[in-house]
Amino acid sequence: MTTWSLRRLHTLDEKLIGELADVLIDCVEGGASVSFMRPLTRDRAVTFWRRVADGVAAGERALLVGADAQGVCGTVQLSFDLPENQPHRADLSKMLVHRRARGQGLGAALMRAAETTARECGRTLLVLDAVTGGDAARLYERLGWVRVGDIPDYALLPEGGLCSTTVFYRNLAPS
Ligand SMILES: CC(C)(COP(=O)(O)OP(=O)(O)OC[C@H]1O[C@@H](n2cnc3c(N)ncnc32)[C@H](O)[C@@H]1OP(=O)(O)O)[C@@H](O)C(=O)NCCC(=O)NCCS
C-alpha cells in the first residue's frame, strides 16, 4: 500500500530543510555513499540543504520529495546548472529514501517523477552515478537506465574504504 505522496518543491522553509536533513543523515548512518562521511552532523546536513534551497530558488535545480505521515521520507534532484553546450542535459543526484520508507516503491516513483520533470523542463539526457552493485544501481538498471561503466576507487564509503562507482545515463528523447 502506498503510504507517501510525491511533489516538486519550488521553495523550502526551515521545517522542510530539517526533514530533508533527517533523511540525509539517516542514509549516511545506513552506510550510503552520498558525498558525506560519518558522523554527519545536523549542522552540516542543514547547510547542505540550504545550498540546495538556493539552487532551487535560482532555477538551477529541481527538487522532488516524497512525504509520509512523519514528513519527508524520500527525495531526488535534477541539476540544470551545466555548460551552455549541454542545454538538453541534467544530472540526477541525491536520490535518498529514509530507511523507514524503503522497499515500498518510493525510490522507483521518485525516479519516474524526476524523468517526467526533466521532460517538462526540456531535458532529454540524464546522467548519474551510483555505488557499483548497490541497491541504487539495481534500481536504475531495473528502470531502464543504461550502464556506461565502472570507475574503481571513486569515493569513500561513510565509514571509510574506497568504493567503485557506476555511471548511468537515460535518453528521454523520442526515438
Ligand atoms: C536506493 C534507494 C533510493 C532505493 O529506495 P527504495 O524506496 O527502497 O526503492 P524501491 O522501493 O523502489 O525499490 C527497492 C526494492 O524494493 C522492492 N519493492 C518495491 N516496491 C515493493 C513493494 N510494494 N513490496 C515489496 N517490495 C517492493 C523493489 O523491487 C526493490 O527490490 P530490490 O532491492 O530487490 O531490487 C534507497 O535504498 C536509498 O535511499 N539508499 C541509500 C541512499 C543511496 O544510496 N542513494 C543512491 C545514491 S546514487
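Just so it is clear, the structure is predicted and the values come from calculations on it, not from any experiment. Counting convention: from 1, in listed order, for ligands and their atoms alike.
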Seminar exercise, completed: Of Gly74, Ala108, Gly31, Cys73, the residue with the heavy atom nearest atom 12 (O) of ligand 1 is Ala108

Seminar exercise, completed: In ligand 1, the atoms that come under 4.0 Å of a heavy atom of Leu96 are 39 (O)

Seminar exercise, completed: atom 13 (O) of ligand 1: of Arg142, Gln104, Arg102, the nearest heavy atom sits on Arg142

Problem set entry | Atom indices of ligand 1, in the order listed, that fall short of 4.0 Å to a heavy atom of Ala32 | 41 (C), 42 (C), 43 (C), 44 (O)

Exercise. Which residues satisfy the salt bridge (Lys or Arg N to Asp or Glu O under 4.0 Å) test with Arg119, sequence neighbours excluded?
Worked result: none

Exercise. For Met95, is at least one N or O under 3.5 Å away from an N or O on ligand 1?
Worked result: yes

For this session: List the steps and the verdict of side-chain hydrogen bond (donor to acceptor under 3.5 Å, both in side chains) for Ser164 and Asp150.
Result: CA-CA 7 Å; Ser164 163; Asp150 300 343; 4.6 Å; no

Seminar exercise, completed: The atoms of ligand 1 lying under 4.0 Å from a heavy atom of Tyr140, numbered in the order shown, are 46 (C), 48 (S)

Problem set entry | Heavy-atom protein neighbour under 4.0 angstrom from atom 2 (C) of ligand 1 | no

Problem set entry | Residues in salt bridge (Lys or Arg N to Asp or Glu O under 4.0 Å) contact with Glu60, at least two apart in sequence or another chain | none

Seminar exercise, completed: ligand 1 to Ala136, heavy atom cutoff 4.0 Å, flagged ligand atoms 1 (C), 46 (C)

Exercise. Nearest to atom 8 (O) of ligand 1 by heavy atom, Gly103, Ala130, Gly105, Gly107: which?
Worked result: Gly103

Exercise. Just wondering, are more than 12 heavy atoms of other shown residues or ligands nearer than 6.0 Å to CZ in Arg147?
Worked result: yes

For this session: Could you tell me whether Tyr154 atom OH has more than 12 heavy atoms of other residues or ligands within 6.0 Å of it?
Result: no

